[in-house]
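Everything below concerns the one structure shown next.
For the numbers below, each heavy atom of this structure counts, side chains included, while hydrogens, waters and symmetry mates do not. So that the names make sense, note that chain A is the first sequence line, chain B the second, and so on, each numbered from 1.
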Amino acid sequence: MKRIVLTLCLFALLPSLQAQEMALAKYKGYHQLTRFDSTSVVVEESGLSHVSQHYRIDMLDFAGCRDNNVVKMDYDPQSAYVEIQRVLVHRMAEPIVDTIVWDGKGTIYNYVAPARLIYWGASQKMVEVGHLEPGDELEVWTYRKGFTYALLYDNPSDDSRYIPPMRGHFYDIVPFWSTQPVQLKVYSVNVPTHKNLQYQVYNAPKGEKICTLDGNGKEQCGETSPFCAETRQEADRTIYTFSLTDIMPLKLEPNALANNDIECKLLLSTAPDWQSKSIWFYGVNEDFGSFKTTPEVTAKVQELLRDATSEQDSIAILTHWVADNIRYCGISMGKGEGYTLHNAQMNFTDRCGVCKDKAGMLITMLRAAGFQAYAAMTMAHERIENIPADQFNHSVCAVVHRNGTIEMLDPTWVPNVRELWSSAEQQQGYLIGMPQGSDLMYTPLSPAENHYLKIDAKSKIKRNGDLIATLTITAEGQSDKAVRGVFSGRQSEWQSNLERELLKIDPRAKIESIDYTDNDLYLEHPVTIIYNFTIPQYATTVDSALIFIPFSARNIYARAMSHLAIDITETYRTQPFADQCSRFVQINESIRLPHAYKRMHYSADIMGVVHPAANYSCGFQLDEKGRTLIFSENIMLNKRIYDASDYPAFRCTVGNQKAVATTPVVLTK
Amino acid sequence: MKRQHILPIFAFLLMVMLGTDTCASLQPDAIYKLIRRTYTVNQDGSMDIQYRKEITLLRNRAITAYADKGETFILYNPDCEQLTINESYTLLPNGTKVMTPSNAFVEQLPSECENCGRYNNIREMAIIHTGLEYDCTIVLDYTIHRNTLLVSEQIDMQMDCPVERYEIICDHHGRMRKLSTPKDGYLVTDAHDFHWVSTNIPQASLEPYKVKNTSYSLSMSFLSMPLYETRPSLAVASNIVATLHNDDTLQYIVALRDWVRDNIHTNNIPLSHLNFESSAAITTFQSGCGTPLDKTILLCAMIREAGFVAEIENGSEGFYDINKVNVLVTIDGMQYRINPNNNNHPRVKDAAHEEVRSVQNIQSRYHTQPTLIYGNIYTYTFPKVSQPDIDITKLTTKRSQPFTIRPLNYERIQKIEFTDNYQLESPIKIKKSIADIGSLSIEITQISPNTIQEKRKLVIEKRAFEPSEYKKLRKLLIIWFSNDNIILKK
């Protein structure tokens, strides 16, 4: 009955049919239009939530028909229950409604979903809708109870397996954005009042500007928001209703952050603060015994640390052993899979696990070596907001040094990386599970110098224009990782991969030799690759003027300069953006010339950049005799996540580098 | 002169100090000690296929998830196949056996069967091998019992890492219909009806543009290939067929093909798991999903619905790629091949060989400006239009495998008309011909005070080149791809 009332209300909210027809022009180019999407949640005292969803989608073209010809629901049977209750198709061509599923009756497929890397038995229910034509509308009712992750309970009976791990608490992250237009989205949650649900809406769209005259006759202006939030009391329960109309897909600018970071979302949580979440996370793994060592693990730790020279050395040895020897592949421990970190016995025997299990193995080994170490949760490549909802997709490790400082370690992201915490995760939120609790923290910026890419060249241009060069590439940190990409394939392919880096710049290159550091010993020293090569007729002579582009400037090893792949066509941008990591590129080349030259001419308009986000400098210098040209270029990119206001400096820096890579130097006598 | 010598010596010393790998031994990631396939035809007409592999992991790359050695995926259809795992364990270098735990066997829907109800019964057994470390050996042995003899196997014994011993055993009791054995290997005379052994098979090359190596390919078939047909037309698709109508017949056919290609979800399920059965066109249309063969049958029916004569081009008995089954459509008395599983333009059935040879004669004219580099010196780079389909940066110096390329007869003329008058500083005239390889000519000349003309011709005479010929071909291609920049004076 309640559901019928809700549906009627939704229809009442919709614009008239005529207005809808006019509005269709607005949706040209999109594949589907969600007429409404309504979610109603009822939270029990235990925290168990019952989620009912009802939506109706209009097919705008064949692609929309294709994308909606099945209805699927993902769930983990260990911790959630789902039903596809009703599926109807309203045909445009005929005044009929095709009933695909009614009250759970119909053909509903239930199966373990296809998976790679994580084999936890995540399941799906699916209904085949069948052929749709543009103009048809799909209407679906679903029901879900439970949560995403399973945890430990002694007496599973009835609904107990669906009660959330942080018993009594409820949270949700509700995106109010979509990649296809939505006319109306409603989210309602009915929760016991005493649970003190806190919520926050982020990036709510702005509405119309409205100005009124105040008592003094002055104009006062403000903006309305199409986002509505209402609260009402019913006995000892509170019902919160949130709605947004006319959701249009946001045109993302190049390298934009995650949609959840820049578009409208709603966060809700009954957890009072991050401290309580931290204490819970600590307790749940300690109680399970995730970090209890075994004789085999202790023996392995002793073996690994036999020659360790310092506290930091020990931490590094253990972190990289876990990174390189516990492969990323998750099998289910059954009840408790999710937030619970597999114990040492399982991890060490299986030699595999997902991020949390790798973190668990490292914590066990660190503790076996006498360190204090804790599990932590983080959100890779998405911001964690202040509301203590579970905004986590990754698990890592925190170790406490003897001096009390805490160091974050990520054994999942550092295989073949000369770091203990991947700087691809800088400016990222995390929460450590500690007995006394801890607050949400953010990883700091990693100095660009820690991720240098150095390109040093000594070259000679012969009288006939041929180039003879020795080029040395060295790199550290995340740049080291990127350069080592040439060694990521089979060993028999390494030589070809190395050669291709050079051929990408000039296919005429004749390689004399390529020497490189042993990639298997990547922890011992930063990568170094030395090329000796010649390129026939590299430089051109016109009227005794020598014309060429310094080879080192031509963006060799662009694989380690992801900033060059960022589209900087637009002059301005409104959205923040992300690169892979902060980075320092330093290029130096000494070019021996075939004759003495007096002057250098350069047509590119290069401007130095000095800015907290990015720095750029570049220089050419002819020696006194005019026989050697020294070229140098420095590109400093100081962040992983940039504000839109950083863009002009970033754009100028990257633009300069691209210009120098294509602009010839002209030397005249 | 002396400095020239010092630099390499210094570089060498530096590499020694850094512990460089100047002559790294090329160790494979792993090595298959044994792969054995045993086919047994049973009295009741069913068949057992037993598969055994023993693989030793040598490098970290084989151990980590980024390679494919840590897991095994077995596709099977419970409706006609039963899977039995005979044994699965990891043998550590110290002799310890790590048995694969029960939670490391996960029966799931294969991704090939997603979004399609009628294929939702097919399963994939994911086996996650545990206890992996350097020099460990994964041992897996399983049997698939098939209810029928509908088996057609094309086995490429060459893997992505070396194979010490590959055995194929078949006890068929005279029921094998077709057999093709590889070049490398030998028959073992024993109690089995057929027992083939190939040893020391090198790992498959990853070189680009390589010729398919058939030295280790073995094919055998126990069935007559079914003939596929479809109903005369498909009335339920009439609206779509009408919507896509185009007066240009070929374009109409392509539009129908594109609709099937883009709007019917593809389930790439090997037909052996479906007992070589296909779905009716109406089933595929209404479900919006199907195998490549299902899509071909649907396309055939839709073309007929559009009023054309069309049929499925069934292959001959034996081994052929089911994805390549075409629709033959008759237009103006000519039969064209079209396939909803690729983007190829319809091709005349009997003209296939001629069409493979790419003949292009492109003429274009541009109005543009060169780039000033200094004083009155300008530079200009010709647009890279319609280049032959070769990535020159992938053509590394050394080559161990034969190289293949589509024979070419490519010709291009571009006229660049500048807004002002410029003098071409260095006209280019290159002609090169290499016997049995090909030839090229590049001519860049000034044809009027403000117009430069680029004439290019490239002829590649054959399809396959031995590694010994590759060097010459590469040289030719480098010349072709390099000379596209000119210097001008105002």
Heavy-atom check, side chain of D543(A) versus side chain of E425(B), under 4.5 Å
yes
Counting only heavy atoms closer than 4.5 Å, note whether I326(A) contacts chain B via side chain, backbone, both or neither.
neither
Counting only N and O atoms by type, is there a donor-acceptor contact under 3.5 Å from the side chain of D350(A) to the main-chain atoms of G131(B)?
no
Is it the backbone or the side chain of S488(A) that comes under 4.5 Å from a heavy atom of chain B, or both, or neither?
backbone
Between the main-chain N or O of I331(A) and the side-chain N or O of N103(B), is there a donor-acceptor pair closer than 3.5 Å?
no
Distance only, no hydrogens: is a donor on one side chain within 3.5 Å (strictly under) of an acceptor on the other, for Y119(A) and Q108(B)?
no
Select one option (side chain, backbone, both, neither) describing which atoms of A115(A) are under 4.5 Å from chain B's heavy atoms.
both
Should L109(B) and Y109(A) be marked as a side-chain contact (heavy atoms from CB on, under 4.5 Å) after you check the CA-CA gap, both sets of side-chain angles, and the distance that decides it?
CA-CA 11 Å; L109(B) 184 78; Y109(A) 300 94; over 6 Å; no
When you measure from the centre of the six-membered ring of F487(A), is the NZ or CZ of R61(B) closer than 6.0 Å and no more than 45° off the axis?
no
Value rounded to 0.5 Å, distance of CZ in R508(A) from NZ in K475(B)
14.5 Å
Can you see whether Q203(B) engages S492(A) through a side-chain donor-acceptor pair at a distance of less than 3.5 angstrom?
yes
So, the side chain of E499(A) versus the backbone of T397(B): is there a donor-acceptor pair under 3.5 Å, distance only?
yes
Within this structure, what is the OG1-CZ distance for the pair T130(B) and R327(A), rounded to the nearest 0.5 Å?
8.0 Å
Measuring heavy-atom distances to chain A, does N263(B) have an atom under 4.5 Å in its side chain, in its backbone, in both, or in neither?
both
May I ask you to decide if the ring planes of Y374(B) and H601(A) are parallel, tilted or perpendicular, using 30° and 60° as cut-offs?
parallel
Under 4.5 Å between any side-chain heavy atoms of R500(A) and T396(B), yes or no?
yes
For residues Y111(A) and R123(B), determine if any side-chain heavy atom of one lies less than 4.5 Å from a side-chain heavy atom of the other.
yes
D67(A) versus chain B, the contacting section by heavy-atom distance below 4.5 Å
neither
Is the shortest heavy-atom distance from the side chain of P28(B) to the side chain of Q491(A) under 4.5 Å?
no
Top contributor to chain A interface from I478(B), L206(B), V98(B) [non-hydrogen pairs under 4.5 Å]
L206(B)
Bottom line for V112(A): the part with an atom under 4.5 Å from chain B's heavy atoms is both
Engaged part of L395(B) at the chain A interface, taking heavy atoms whose separation is under 4.5 Å:
backbone
Any side-chain heavy-atom pair from Q537(A) and S482(B) closer than 4.5 angstrom?
no
Salt bridge check, K72(A) against E114(B): does any charged N sit closer than 4.0 Å to a carboxylate O?
yes
Could you measure the distance from the CZ atom of R116(A) to the OG atom of S111(B)? Nearest 0.5 Å is fine.
5.5 Å
For E133(A) and I240(B), run side-chain contact (heavy atoms from CB on, under 4.5 Å): C-alpha distance rounded to whole Å, both residues' side-chain angles, the deciding distance at 0.1 Å, then the answer.
CA-CA 9 Å; E133(A) 298 253 347; I240(B) 290 168; 3.9 Å; yes
Could you measure the distance from the CG atom of N60(B) to the CG atom of D324(A)? Nearest 0.5 Å is fine.
5.0 Å
Side chains of L503(A) and I392(B), heavy atoms from C-beta outward: is any pair under 4.5 Å?
no
Could D160(B) and R490(A) be called an ion pair, given the rule that one side-chain N must be under 4.0 Å from one carboxylate O?
no
Can you check whether E124(B) reaches P114(A) side chain to side chain, under 4.5 Å on heavy atoms?
no
